[in-house]
Undergrad: 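The structure's right below; bear with me while I get my questions together.
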Amino acid sequence: MNLIKIKEMKDHVGEEVTINGWLYNKRSSGKIKFLIIRDGSGFVQGIVVKNEVDENVFELCDKLTQESSISVSGIVRKDERSPFGFELTIKNVDLIQMAFNDYPISLKEHGIDFLLDNRHLWIRTPRQQAILSVRHEVIKAIQEFLNNNDFVRIDSPIITPSTCEGTSDLFQIDYFGENAYLSQTGQLYQEAAAMAFGKVYSFGPTFRAEKSKTRRHLNEFWMVEPEMAFVDHYGNMEVQEKLVEYIVQSALENCSRELKELGRDLSKLEKIKTPFPRLTYDEAIKLLNKNGYEIQWGNDLGSPDETFLSNQFDKPVFITEYPAECKAFYMQPKEDRPEVVLCADLLAPEGYGEIIGGSQRIHDYDLLVKRLKEENLPIDMYNWYLDLRKYGTVPHSGFGLGIERTVAWITNTEHVRECIPFPRTLSRIRP
RNA sequence: UCCUCAGUAGCUCAAUGGUGGAGCAACCGGCUGUUAACCGGUAGGUUGUAGGUUCGAGCCCUACCUGAGGAGCCA
């Protein structure tokens with residue numbers, strides 16, 4: 001028995017092979033049957049002809065229900081009539097389990113509510129497999145890039161004693177009688193790690209209890225957070241654009257089958273090369289005002305504003321130097337203009353919005369204390385964070401890249417909830 | 001939290017205030033190249049919930065529930 005994966009069939013033309021998988025769909029024309037089989041590596045059509053197989057094999061194929069698990073043996077043939085390029089002329093089918101005959105997901109259209117209720121089965125379909133495979137590639141590329149550039153992975157804790165940035169709503173948990181929270185960012189811990197290892201990153205889930213209801217929001221999402229000692233705002237942006245370029249090029253190189261399945265316009269991704277355009281907040285406001293957006297200096301950019309700005313470019317664009325008042329307390333003020341901070345948001349093209357938020361961090365002890373007081377944050381909660389400024393402080397920078405938004409952009413997916421295996425949203429905690 | 005929209009068969013959707021239907025899925029039968037196969041047949045319903053208007057409500061009104069899209073917040 002020559003057990004292979006469907007994606008390896010091209011190397012076994014003319015050979016008899018065995019494939020372990022599931023019945024995705026079945027068509028029949030009397031004495032000939034077509035079984036669409038999937039095995040996780042791909043999809044292929046198997047042909048069963050009545051006079052060429054045992055009577056009980058043909059009978060079994062007649063009864064097979066959608067998603068039944070089977071072990072199929074047959075001859076690999078190249079065939080242009082097949083949309084997969086190859087076919088399997090089936091000799092034998094061993095049944096592992098006859099699936100119940102009420103499999104809920106048909107090949108016809110379904111509404112999003114139904115599909116999300118059946119997410120555990122929905123991920124078996126070609127489109128969802130393509131998206132989640134690209135997600136895997138994105139994660140792999142991020143780690144490759146960072147590992148190859150001397151970053152050390154130092155994960156941040158998920159259970160934290162207080163809000164890190166003092167802004168978003170957090171999920172509260174009981175920690176042996178003490179209130180604790182699920183982390184909304186590991187950044188502060190990454191700063192500590194950067195002072196130990198130089199260049200570090202964390203990669204993991206992050207939690208926001210905000211009641212967001214848009215295609216760009218999840219209440220649990222994954223983020224990679226690099227942090228670098230001795231790197232300023234400008235060096236920070238260079239790392240970000242190189243990372244994003246690497247991610248996109250890796251997806252193009254290793255996920256062509258998936259991107260094709262998704263109908264992605266590859267020419268748009270091929271343009272994602274450094275350097276990326278940069279726009280200061282001041283310039284962004286002017287551009288927005290000139291085009292009829294009524295935003296005033298000092299307000300954070302709204303979602304429609306970001307969409308407009310990103311649509312002006314065919315590459316991701318950095319929006320830099322926001323007013324300090326609309327950003328977090330730890331961001332380094334610009335030397336000659338303390339009302340703005342050395343930060344940058346990276347907006348993905350095609351209306352996908354912010355995929356990175358980053359900044360240079362305040363490294364001066366007195367300035368950081370002053371900023372904490374201005375924001376009315378409890379200073380004793382930040383004692384350990386202030387220690388980093390007391391003992392060998394250096395300029396440093398970092399950023400957070402959202403995995404699902406990045407995957408949504410690369411795969412041209414409408415909603416981030418399809419870019420994570422089991423999305424957690426305002427209205428959904430199951431399955 | 002606010003704004004908009006929707007809820008009818010397992011799924012996707014029809015039904016002027018007047019006997020709730022179709023396609024797919026399931027089940028039975030037919031077909032030797034199907035591509036969401038096709039053809040014939042069978043079965044499948046407390047129209048989200050509660051109240052109201054009416055001779056009569058899936059349809060109109062009120063409240064609530066659930067979901068979706070968007071805003072704010074953010075990655």
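Worth saying up front: this structure is predicted, and the values here are computed from it rather than measured.
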Undergrad: How would you label the contact of A:Gly353 with the nucleic acid (heavy atoms, under 4.0 Å): base, sugar-phosphate, or nothing?
TA: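 It contacts nothing in the nucleic acid.
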
Undergrad: Between protein and nucleotides 64-67 of chain B, what N or O pairs are separated by less than 3.5 Å?
TA:
unit_1: B:G67; atom_1: OP1; unit_2: A:Ser427; atom_2: O; d: 3.1

Undergrad: Would you mind telling me which of A:Thr406, A:Thr307, A:Asn412 makes a side-chain hydrogen bond (donor to acceptor under 3.5 Å, both in side chains) with A:Tyr352?
TA: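 Among the candidates, only A:Asn412 passes.
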
Undergrad: Give the residues of residues 412-424 of chain A touching RNA chain B, defined as any heavy atom closer than 4.0 Å, sorted by residue number.
TA: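 Correct list: A:His415, A:Arg417.
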
Undergrad: Write down the distance between NZ (A:Lys108) and C1' (B:C24), rounded to a whole number of angstrom.
TA: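 These atoms are roughly 5 Å apart.
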
Undergrad: In terms of ring plane angle, is the pair A:Tyr281 and A:Trp297 parallel, tilted or perpendicular, where the classes change at 30° and 60°?
TA: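 Perpendicular, since the angle between the ring planes exceeds 60°.
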
Undergrad: Check for me whether the distance between the ring centres of A:Trp22 and A:Phe43 falls short of 6.0 Å.
TA: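 No, the ring centres sit 6.0 Å or more apart.
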
Undergrad: Could you tell me whether A:Asp102 contacts a base, only the sugar-phosphate backbone, or nothing, with contacts defined as non-hydrogen atoms closer than 4.0 Å?
TA: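 Contact class for A:Asp102: none.
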
Undergrad: I'd like to know if A:His110 reaches the base of B:C11 with its side chain such that a donor and an acceptor end up less than 3.5 angstrom apart.
TA: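 Answer is no: no donor-acceptor pair is held.
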
Undergrad: Write down the distance between CG (A:Asp300) and P (B:A71), rounded to a whole number of angstrom.
TA: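 A:Asp300 atom CG is separated from B:A71 atom P by 14 Å.
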
Undergrad: Please confirm whether A:Lys315 makes a cation-pi placement over A:Phe276, using NZ or CZ under 6.0 Å from the six-membered ring centre and within 45° of the ring normal.
TA: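 No cation-pi geometry.
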
Undergrad: Could you tell me whether the side chain of A:Ser212 has a donor or acceptor atom within less than 3.5 Å of a complementary atom in the base of B:C73?
TA: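 Indeed, a donor on one side and an acceptor on the other fall under 3.5 Å apart.
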
Undergrad: Below 4.0 angstrom, N of the basic side chain to O of the carboxylate: do A:Arg264 and A:Glu350 qualify?
TA: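 Judged by the 4.0 Å cut-off on N to carboxylate O distance, A:Arg264 and A:Glu350 do form a salt bridge.
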
Undergrad: Whole angstrom is fine here: how far is it from CD in A:Gln45 over to P in B:G33?
TA: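 Taking atom P of B:G33 as the reference, CD of A:Gln45 is at 13 Å.
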
Undergrad: Would you measure the distance from the C1' atom in B:U49 across to the matching atom in B:A6 and give it in whole Å?
TA: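 It comes out at 16 Å once rounded to the nearest Å.
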
Undergrad: Give me the distance, rounded to whole Å, that separates B:C59 from B:U19 when you measure between the P atoms they each carry.
TA: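 Between the two P atoms, the distance is 14 Å.
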
Undergrad: Mapping A:Phe114 and A:Ser303 onto RNA chain B by nearest heavy atom, which one lands closer to the 5' end?
TA: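 Closest to the 5' end, via its nearest nucleotide, is A:Phe114.
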
Undergrad: Mind checking the C1' distance from B:A9 to B:A14? Whole angstroms is fine.
TA: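 Between the two C1' atoms, the distance is 13 Å.
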
Undergrad: If you compare every side-chain N and O of A:Arg216 against the phosphate oxygens of B:A71 (OP1, OP2), does one of them come in below 4.0 Å?
TA: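 Checking A:Arg216 against B:A71: at least one side-chain N or O falls below 4.0 Å of OP1 or OP2.
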
Undergrad: Quote, to the nearest angstrom, the P distance that separates B:G45 from B:G10.
TA: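 These two P atoms come out 8 Å apart once rounded.
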
Undergrad: Report the distance from atom NZ of A:Lys63 to atom P of B:C27, rounded to the nearest whole Å.
TA: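 So the NZ-P distance, A:Lys63 to B:C27, works out to 11 Å.
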
Undergrad: With a cut-off of less than 4.0 Å, is there a side-chain N or O of A:Asn51 near OP1 or OP2 of B:U32?
TA: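 The answer is no; no side-chain N or O of A:Asn51 sits under 4.0 Å from OP1 or OP2.
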
Undergrad: Does the pair A:Asp54/A:Lys91 count as a salt bridge with the N-to-O cut at 4.0 Å?
TA: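 Answer for the salt bridge query: no.
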
Undergrad: Checking side chain to side chain contact (heavy atoms under 4.5 Å, CB included) between A:His12 and each of A:Glu15, A:Met9, A:Glu16, which is the one that passes?
TA: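 Passing option: A:Glu15.
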
Undergrad: Given the side-chain rings of A:Phe329 and A:Tyr382, with only the six-membered ring counted for Trp, is the space between their centroids under 6.0 Å?
TA: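 Aromatic pair counts; centres sit under 6.0 Å.
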
Undergrad: Report the stems of RNA chain B as range-with-range entries sorted by first number; a stem here is at least three consecutive pairs, Watson-Crick or G-U wobble, both distances under 3.5 Å, and write none if there are none.
TA: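 Stem list for RNA chain B: B:1-7 with B:65-71, B:10-13 with B:21-24, B:26-30 with B:38-42, B:48-52 with B:60-64.
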
Undergrad: Does the separation of the ring centres of A:Phe308 and A:Tyr293 fall below 6.0 angstrom?
TA: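 Centroid separation for A:Phe308 and A:Tyr293: below 6.0 Å.
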
Undergrad: At under 4.0 Å, does any side-chain N or O of A:Ser106 touch on OP1 or OP2 of B:C24?
TA: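 Checking A:Ser106 against B:C24: no side-chain N or O falls below 4.0 Å of OP1 or OP2.
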
Undergrad: If you measure from the Lys or Arg side-chain nitrogens to the Asp or Glu carboxylate oxygens, is any gap between A:Arg337 and A:Glu339 under 4.0 Å?
TA: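 Here A:Arg337 pairs with A:Glu339 in a salt bridge, since their nearest N and O are under 4.0 Å apart.
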
Undergrad: Rounded to whole angstrom units, what separation is found between the CG atom of A:Asp62 and the C1' atom of B:C28?
TA: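 In whole Å, B:C28 C1' lies 11 Å from A:Asp62 CG.
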
Undergrad: Is the aromatic ring centre of A:Phe221 closer than 5.5 Å to the centre of the six-membered base ring of B:A75, with the two planes inclined by less than 30°?
TA: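 A:Phe221 vs B:A75: stacking yes.
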
Undergrad: For A:Asp79 and B:U34, what is the distance between atoms CG and P respectively, to the nearest whole Å?
TA: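 So the CG-P distance, A:Asp79 to B:U34, works out to 12 Å.
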
Undergrad: Please state the P separation for the pair B:A26 and B:C60 - nearest whole angstrom.
TA: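 Between the two P atoms, the distance is 35 Å.
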
Undergrad: What about A:Arg405: does its side chain form a donor-acceptor pair under 3.5 Å with the base of B:C74?
TA: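 In this structure, the two groups form a donor-acceptor pair.
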
Undergrad: A:Arg77 near the nucleic acid: base, sugar-phosphate alone, or nothing, with a heavy-atom cut-off under 4.0 Å?
TA: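 Base contact - A:Arg77 has a heavy atom under 4.0 Å of at least one base atom.
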
Undergrad: On a whole-Å scale, what distance lies between the C1' atoms belonging to B:A15 and B:A25?
TA: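 Nearest-Å result for B:A15 against B:A25 at atom C1': 22 Å.
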
Undergrad: Let me spell it out: for each of A:Lys327 and A:Asn25, pick the nucleotide of RNA chain B with the closest heavy atom. Which residue's pick is nearer the 5' end?
TA: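 Mapping each residue to its closest nucleotide by heavy atoms, the 5'-most match is A:Asn25.
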
Undergrad: Quantified in whole Å, what is the C1' atom distance between nucleotide B:U8 and nucleotide B:G44?
TA: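 Between the two C1' atoms, the distance is 14 Å.
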
